[in-house]
There are 2 protein chains.
Amino acid sequence: MTKIELTTEENILEAAKKVFHKKGFDGARMQEIADEAGINKSLLHYYFRSKEKLFEAIFQDAFKQFLPKIGEALISNKSLFEIITLFVNAYIEMLIKNPYLPVFVVNEINRNPDKIIDIIKNSGVNPIKLESIILSEIEKGTIININPKHLIINILSMCVFPILTRPIITGFLFNNDTALVQEFIEERKSQVTSFVINSIKLK
Amino acid sequence: MTKIELTTEENILEAAKKVFHKKGFDGARMQEIADEAGINKSLLHYYFRSKEKLFEAIFQDAFKQFLPKIGEALISNKSLFEIITLFVNAYIEMLIKNPYLPVFVVNEINRNPDKIIDIIKNSGVNPIKLESIILSEIEKGTIININPKHLIINILSMCVFPILTRPIITGFLFNNDTALVQEFIEERKSQVTSFVINSIKLK
DNA sequence: GTCTATAAATTGATAGAC
DNA sequence: GTCTATCAATTTATAGAC
């Protein structure tokens, strides 16, 4: 970890991310963000006009990161199985590094769908394009006939859900042994990949 | 819908459930719960001592309901495939009827894991017992060799995730066509079932 | 740009009449 | 049991000195 000199604005954004991700909009306090950033509360309003504005900045970032990116995995004509393998590994790895991200995004979107829709519109994010790839693989006869939307949701579900419910899993499946849970989450990368491929490959 | 005469306490609990599920603990207001119940704010404190106490009552109920119950599906020596089919159908059906339940539970548990652990302990809920059934099926050679914990999480993931992320799915996969999304969620029952069985059955 | 002081509004909770 | 009135604490936001 290199200690980099941050501008005040970057400093605020980092502190706000930490607090908003952990407590959500309703639970977060401007005072706590100021303390976390080591500055005065008024400065928050000086840089961002209101709590809402500051939140929007944080949420946009979080949402973009949460959205599945298959860009890198798509390069250079890889097979669907390779794409799935690469994506699952990269996505779970990102989620491990940002454990609060899924709860934060999912919660805020459900609590305030209307407000969020506007934020998303302004973020210029595009829907994923994996669907057509899956369809062409079905036509080619590489995989079984399956509704691409369901396949996509199946994959995402199995990546994100364990992160979302980690505290419950820890308690109920692993008797609060956090080391075992960490191992379990790591295993998901290979487990999800093989579970999916096993289900859609032609016999 | 039959209009049943409710006691004041039941009335409060119903209103509190509605508000807490939708807004979470931090977002919920005692005033709003009182309005929803058509009573005075002070009465909330008369029946339940504080906002926290009222919340605990609601959360315990929600958590119990959220926990997968395979009790009914286990009766009378059904095969694993039948158990999975019955469970997935019943669980998704329950989630459709309680769309705010998963976000509510997942969010509160992540925001305040310690507080929640106590509540869970007092609720007397037991860990699920599907694991041993899966293991015995593997020994019998009915299904492939798979880590039961991963299989269980896979199934739960694919049931719950679409409900949790419904607003995002609506926007990105269905261009905000809510009727299509409803149909999609209904399809999950059969899609998840066959996806799972397809993956674990011996070829 | 950054701080102190304070306003203005909200909210959980209680006291007390009926 | 139910209501009115009100307190006490919190919290976002602003005014103004430096």
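When the P atom of D:dT11 is taken as reference, atom CG of B:Asp26 falls 10 Å away, rounded to whole Å. Put simply, CG on A:Asn11 is 14 Å from C1' on C:dG1, counting in whole angstrom units. Separating the CG atom of A:Leu44 from the P atom of C:dG1 is a distance of 15 Å, rounded to the nearest angstrom. As rounded to whole Å, 19 Å separates atom C1' of C:dA13 from atom CZ of B:Phe55. Regarding A:Tyr47, its OH atom lies at a distance of 17 Å from the P atom of D:dT14, rounded to whole Å. Atom NZ of B:Lys53 and atom P of C:dA13 are 11 Å apart (whole Å). If you take CG of A:Asn40 and C1' of D:dA13, they are 12 Å apart, rounded to a whole angstrom. One atom, CZ of A:Phe48, and another, P of D:dT14, lie 15 Å apart when rounded to the nearest Å.
The side chain of B:Lys41 approaches C:dA13 more closely than any other nucleotide in the set C:dA15, C:dA13, C:dG1. In the set D:dA13, D:dT2, D:dA5, D:dA13 carries the atom at the smallest distance from any side-chain atom of A:Met30. Proximity note for B:Lys51 (side chain, C-beta onward) versus D:dC3, C:dT2, C:dA13: the nearest is C:dA13. Ranking D:dA13, C:dT2, C:dA13 by closeness to the B:His45 side chain, first place goes to C:dA13. Considering only side-chain atoms of A:Ser50, the nucleotide from C:dT4, D:dA13, D:dG1 that sits closest is D:dA13.
In this structure, the side chain of A:Glu32 does not engage the main chain of A:Arg29 through any donor-acceptor pair within 3.5 Å.
In this structure, A:Lys149 is positioned above the aromatic face of B:Phe174, its NZ or CZ under 6.0 Å from the six-membered ring centre and within 45° of the axis.
A close approach under 4.0 Å does occur between a side-chain nitrogen or oxygen of B:Arg29 and OP1 or OP2 of C:dG12. B:Tyr46 has no side-chain polar atom (N or O) that falls below the 4.0 Å cut-off from OP1 or OP2 of C:dA13.
Within 4.0 Å (heavy atoms only), B:Ala34 reaches no atom of the nucleic acid at all.
Taking 3.5 Å as the limit, the base of D:dT2 and the side chain of B:Thr8 contain no donor-acceptor pair of atoms between them.
In this structure, B:Phe104 and B:Phe55 have perpendicular ring planes: the angle between them is above 60°, well past the 30° mark.
For A:Arg111 and A:Glu108, the salt-bridge test fails: no basic side-chain N is under 4.0 Å from an acidic carboxylate O. With respect to the salt-bridge test (charged N to carboxylate O, under 4.0 angstrom), the residues B:Glu137 and B:Lys140 qualify.
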